[in-house]
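Scroll down for the structure; my scribbles are underneath it.
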Number of protein chains: 2
Amino acid sequence: MQAANNRTLKNTLREHELKATTQRVALLKLLESTQEHFDAEEIYLQLRAGQKNVSRATVYRSLEALVEQCLVSKLDFGDGRMRYELSRGEDDHHDHLICEICGKVIEFFNLEIEAQQIAICQENGFTPSTHTMLIFGTCAECRKLG
Amino acid sequence: MQAANNRTLKNTLREHELKATTQRVALLKLLESTQEHFDAEEIYLQLRAGQKNVSRATVYRSLEALVEQCLVSKLDFGDGRMRYELSRGEDDHHDHLICEICGKVIEFFNLEIEAQQIAICQENGFTPSTHTMLIFGTCAECRKLG
DNA sequence: TTCTAAATGAGACTGAATTGCACTTGCAGT
DNA sequence: ACTGCAAGTGCAATTCAGTCTCATTTAGAA
């Protein structure tokens, strides 16, 4: 949404004890500029297309560091590639509807489901840390076209 | 649970238009004998340990065929390997709690969550086909030991 | 028993992700 | 600003799950 400038991005990185390298700033900037869920290769290609010199290894290592600092979320849509999205803070949890036709991703959050999850964990003496919920199917647009 | 004999397993395969090869029978028998969620490599090694000659390619191809026939479910626990479990029929849907310490998997089913999922899909004009829900955390035993 | 489409085995191959190592750079301390 | 060096990067080699090719074998119908 808001286009944070490089200074802000650098500060964000430093606040999380990460060196503010040009590669990391460019990567964060890219993720900030989109609502899409890119995979590592797409991020690599986008950065290259934007005249940034980055290697794949750096993309992977930077993403790992950003995920570790909770600045970025790593998503597994079950197709063999991990996706990444900027996380909007600690309390930004949401789950995903994924269109099997066009690949579109719709985010959602449901308090009732979250509550039930906690209840289920309690029933099983289980202490939850994270959870993921994916609903696959067909989005409205693809349904019309189909 | 019940130990179906080879004859039954062969019939099951034939009912699903799959040739009842020794490899497939052995694979089904293995899955039937456990509540664990093996990955392909574990299945391959178990079959080999049981003096069955099977190749990795056959394990993968057989699992694919069995999943296609809904005799087996393919599960993605997000660690880069797919797990497989015998499915107990069309209406056997359940989700999973996964212990991050010991790897134990607890199955659960919650009608309220299922209902909410349907509601969410309707709100978004989304037609669901399948869904997965994983809750990661620490199981009761590991919590005690921790 | 014979025939043949389907299935298998062995190993080459793919694609995402990781690693080793030499080189570069952000930045803290002067 | 300059310097030192740990942290970060680039490249290429490697790993690892899974897929594919193709020659050989086999289930099961005729």
Side-chain angles (χ1 to χ4, degrees), chain A residues 6-30 37-48 50-69 71-72 74-84 103, chain B residues 6-28 30 37-48 50-69 71-72 74-84:
Chain A
N6 289 3
R7 180 125 306 285
T8 309
L9 293 178
K10 284 188 177 179
N11 287 340
T12 304
L13 285 165
R14 293 191 187 116
E15 283 159 18
H16 290 268
E17 304 188 320
L18 295 173
K19 272 194 185 178
T21 65
T22 55
Q23 291 84 347
R24 286 174 180 172
V25 171
L27 201 167
L28 269 186
K29 205 170 194 172
L30 170 63
H37 298 79
F38 290 134
D39 63 38
E41 184 68 13
E42 286 167 336
I43 291 168
Y44 169 70
L45 292 175
Q46 295 264 349
L47 291 176
R48 294 236 130 193
Q51 316 305 319
K52 313 288 180 185
N53 66 317
V54 191
S55 67
R56 277 192 189 76
T58 295
V59 169
Y60 280 105
R61 282 184 293 224
S62 297
L63 286 170
E64 183 185 31
L66 293 168
V67 168
E68 183 123 12
Q69 291 300 316
L71 291 172
V72 168
K74 185 177 184 177
L75 309 172
D76 181 354
F77 290 169
D79 63 352
R81 296 170 282 162
M82 294 295 163
R83 312 305 169 95
Y84 299 88
Chain B
N6 289 3
R7 180 125 308 284
T8 309
L9 293 178
K10 283 187 179 180
N11 287 339
T12 304
L13 285 165
R14 292 191 186 116
E15 283 159 18
H16 290 268
E17 305 188 321
L18 296 173
K19 274 193 185 178
T21 63
T22 55
Q23 292 83 349
R24 287 174 180 171
V25 171
L27 202 166
L28 269 186
L30 170 63
H37 298 80
F38 290 134
D39 62 37
E41 184 68 13
E42 285 167 338
I43 291 169
Y44 169 71
L45 292 174
Q46 294 264 350
L47 292 176
R48 295 236 130 193
Q51 314 305 319
K52 312 291 180 184
N53 66 318
V54 192
S55 67
R56 278 192 187 77
T58 295
V59 170
Y60 280 104
R61 284 184 292 221
S62 297
L63 286 170
E64 184 186 30
L66 292 168
V67 167
E68 183 124 10
Q69 291 300 317
L71 291 171
V72 167
K74 185 177 184 178
L75 309 172
D76 181 355
F77 289 170
D79 63 351
R81 296 170 282 163
M82 294 296 164
R83 313 305 170 93
Y84 298 87

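Order of the sequence lines sets the chain letters (A, B, ...), proteins ahead of strands, with each chain counted from 1.
- Between the CG atom of Asp76(A) and the P atom of dA16(C) there is a distance of 14 Å, rounded to whole Å.
- When DNA chain D is scanned 5' to 3' for any atom under 4.0 Å from a heavy atom of chain B, the first and last hits are dA17(D) to dG28(D).
- In this structure, Asn53(B) has no side-chain hydrogen bond (donor to acceptor under 3.5 Å, both in side chains) partners at least two apart in sequence or on a different chain.
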Side-chain donor-acceptor pairs of residues 56-69 of chain A under 3.5 Å, sequence neighbours excluded:
residue  : atom : partner  : partner atom : Å
Arg56(A) : NE   : Glu41(A) : OE1          : 2.8
Arg56(A) : NH2  : Glu41(A) : OE2          : 2.9
Thr58(A) : OG1  : Ser55(A) : OG           : 3.1
Ser62(A) : OG   : Thr58(A) : O            : 2.8
Gln69(A) : OE1  : His16(A) : ND1          : 3.4

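- Residues forming a salt bridge (Lys or Arg N to Asp or Glu O under 4.0 Å) with Arg14(B) (at least two apart in sequence, or on another chain): none.
- Annotation: side-chain hydrogen bond (donor to acceptor under 3.5 Å, both in side chains) contacts of Asp76(A) (sequence neighbours excluded): none.
- Heavy-atom minimum distance, Ile43(B) versus Leu27(B): CG2-CG, 4.0 Å.
- Counting to the nearest Å, the P atom of dA7(C) and the CD atom of Gln69(B) are 11 Å from each other.
- Using a 4.0 Å heavy-atom distance criterion, Asn53(A) is classed as a sugar-phosphate-only contact.
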* Footprint string (nucleotides 18-30 of chain C, 5' to 3'): B base within contact, S backbone only, - free, heavy atoms under 4.0 Å -> BBB----BBS---
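- For the atom pair NZ of Lys10(A) and CG of Leu28(A), the computed distance is 12.5 Å after rounding to the nearest 0.5 Å.
- Here the CG-CG distance, from Leu71(A) to Leu18(A), works out to 7.0 Å after rounding to the nearest 0.5 Å.
- Remark on the helix from dT1(C)-dA30(D) to dT30(C)-dA1(D): inter-end axis angle 40°, axes from five-pair C1' superpositions, rounded to 10°.
- Thr22(B) pairs by the side-chain hydrogen bond (donor to acceptor under 3.5 Å, both in side chains) definition with nothing, not counting sequence neighbours.
- Residues forming a side-chain hydrogen bond (donor to acceptor under 3.5 Å, both in side chains) with Asn11(A) (at least two apart in sequence, or on another chain): none.
- Listed here is the closest heavy atom pair of Arg83(B) and His37(B): CD-O, 3.7 Å.
- Straight-line distance from the CE atom of Met82(B) to the P atom of dA16(C): 14 Å, rounded to whole Å.
- In terms of the salt bridge (Lys or Arg N to Asp or Glu O under 4.0 Å) criterion, Arg48(A) has no residue partners (sequence neighbours excluded).
- Using a 4.0 Å heavy-atom criterion, one finds that Arg83(B) contacts no nucleic acid atom at all.
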